[in-house]
Amino acid sequence: MTDKKIIRTRFAPSPTGFLHIGGARTALFSWAYARKHGGDFILRIEDTDVARSTPEAVQAILDGMNWLGLNWDEGPFYQMQRMARYREVITQMLDEGKAYHCYCSREELDALRERQMTEGVKPRYDGLWRPELGKTLPSIPEGVAPVVRFKNPQTGVVAWDDLVKGRISISNTELDDLIIARDDGTPTYNFCVVVDDNDMGITQVIRGDDHVNNTPRQINMLQALGATVPAYAHLSMILGGDGQKLSKRHGAVSVMQYDEDGYLPEAVLNYLARLGWSHGDEEIFSMEQFCQWFDLDHITPSAAQFNTEKLNWLNAHYIKQASLDYLALEVSKRLAVSGIVAADAPDLQGVVALYRERANTLNELANSVAYFYQLPQLDTVAAEKHITAEIVPIILALAERLATVDWTAEAIHAEIEHAVKSNALKFPKVAMPLRILLTGGAQSPSIDAVMALLGRDETLSRIRTRIG
Ligand code: GLU
């Protein structure tokens with residue numbers, strides 16, 4: 001049996017922008033992994049880059065997570081609120097000889113780098129201030145505030161079995177002594193991640209593969225702290241359909257933009273779940289099901305490509321599945337954005353039920369039902385073609401009869417049939433002009449159903465004001 005508290009995963013976004021699709025997938029996989037194992041999912045906001053972090057971005061991340069329903073068990077923890085803890089660990093590492101002060105000035109480091117470049121060697125710190133047994137360090141310069149560097153092992157390799165990418169190993173000779181605190185005492189990025197992953201007891205670090213390069217340094221620091229090194233799963237990038245880096249060109253990149261564009265969170269989640277992960281051929285599944293199936297063994301190491309058509313297909317599916325209550329609420333919000341009030345009549349749930357089969361997004365659904373609540377623009381080309389001089393009196397006569405029938409789709413249908421038969425016409429000859437007069441255009445679901453919902457007064461008024 002799984003120990004309830006064994007698995008602890010985290011999502012650790014930097015609040016420098018909105019929650020984008022890649023971040024959302026990382027969050028989803030971390031969340032699902034914790035949920036599957038009955039563990040904990042932790043949200044940590046990595047806000048130490050004060051120049052680029054904003055409260056708006058923090059809010060956008062929280063909004064995105066909430067919209068997707070990716071609930072966290074602990075946090076949000078803010079790194080800026082953990083400064084005292086980082087300083088404490090820095091002091092401890094200095095005391096234990098695992099880190100040291102380096103007094104090199106920026107100019108010295110620049111000169112070193114230049115020298116190395118001209119010599120054709122990889123630029124790296126040369127260990128000038130690294131204390132070693134029997135080594136005499138330079139004398140400490142006046143008035144220079146030192147940085148703190150981590151004493152990286154100089155021999156051997158640092159290796160891990162990445163749960164997505166397989167074994168990765170790096171020789172320690174490739175790594176120099178990382179600065180863990182700047183000369184003003186503020187801790188640096190990789191160091192904060194290490195302290196947090198350790199303090200928060202993270203067991204699986206699931207993150208984007210742009211962090212693969214940080215991992216050997218982080219593992220070395222964790223080991224120096226005597227910490228248990230978590231397992232790592234580095235997820236490949238998400239590319240646009242054209243194989244290029246995902247950007248605005250490919251559609252929305254912010255999760256909340258999908259909300260605005262009329263996607264259901266269920267559809268976005270289902271879509272993201274299949275971006276680089278699979279369970280046989282399963283395409284449509286609930287998050288409950290996903291949390292049961294999800295594992296880190298079936299993540300593809302290659303980059304996943306974003307496919308808007310597939311997202312639309314899933315969204316259409318979830319629109320068909322959604323409750324009418326939900327759809328009506330979402331559609332009324334979207335109509336309101338266009339200044340249209342979906343009043344009590346026609347019944348919005350009925351209207352939505354009539355159109356939900358045809359919509360890829362909630363916005364499409366809202367657009368297609370807008371004419372119920374606002375007189376539609378007439379498609380003049382269609383009108384000219386279908387509302388001919390011979391048909392006008394037939395429609396007006398039909399309107400006369402409709403004034404007194406029972407206002408049900410069946411009764412309306414019978415009246416249209418009557419007009420068709422008594423004039424020896426084909427059904428579309430009558431239905432099409434009606435459709436254009438009532439909905440503005442030549443496409444709609446069954447016209448009797450539209451009329452039943454539109455109501456008698458509105459139906460007759462639209463007919464009569466336009467051709468009466
Ligand atoms: N804050 C990092 C980012 O937003 C993630 C760090 C991590 O997951 O270790 O890319």
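Order of listing sets the numbers, starting from 1, for every ligand and every atom in it.
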### Query
Hey, is ligand 1 close enough to Asp210 that some N/O pair sits below 3.5 Å?
no
### Task
Write out the residue and atom name of the closest protein heavy atom to atom 10 (O) of ligand 1, then the distance separating them to 0.1 Å.
His211 NE2, 2.8 Å
### Numbered atoms and elements of ligand 1 in range of Glu46, under 4.0 angstrom, heavy atoms
1 (N), 2 (C), 5 (C), 6 (C)
#### Entry: CZ-OG distance between Arg358 and Ser444, expressed to the nearest 0.5 angstrom
7.0 Å
### Query
Starting from atom 6 (C) of ligand 1, which protein heavy atom do you reach first, and at what distance in Å?
Tyr189 OH, 3.0 Å
### Tyr232 and ligand 1 - part of the residue with a heavy-atom distance under 4.0 Å
neither
### Query
Ring centres of Phe11 and Phe41 under 6.0 Å apart?
no
### Query
Any Lys/Arg nitrogen of Arg10 or Asp197 sitting under 4.0 Å from an Asp/Glu carboxylate oxygen of the other?
yes
### Query
Parallel under 30°, tilted from 30 to 60°, perpendicular over 60°: which one fits the rings of Trp293 and Phe285?
perpendicular
### Query
Are Arg149 and Tyr125 in a cation-pi setup, meaning NZ or CZ lies under 6.0 angstrom from the ring centre and within 45 degrees of the ring axis?
yes
### Query
For ligand 1, which atoms sit closer than 4.0 Å to a heavy atom of Ala12?
1 (N), 2 (C), 3 (C), 4 (O), 5 (C), 6 (C)
### Task
Using a strict 4.0 Å cut-off to heavy atoms of Pro13, name the atoms of ligand 1 that fall inside it.
1 (N), 4 (O)
### Message
Under a 4.0 Å threshold between the charged nitrogen and the carboxylate oxygen, would Arg274 count as salt-bridged to Asp281?
### Response
no
### Task
With heavy atoms of Arg10 as the reference, note each atom of ligand 1 found under 4.0 Å away.
7 (C), 8 (O), 9 (O)
### Message
Using heavy atoms and a 4.0 Å limit, tell me yes or no: is Phe11 in contact with ligand 1?
### Response
no
### Summary
In this structure, CD1 of Ile42 is separated from CZ of Arg44 (nearest 0.5 Å) by 8.5 Å
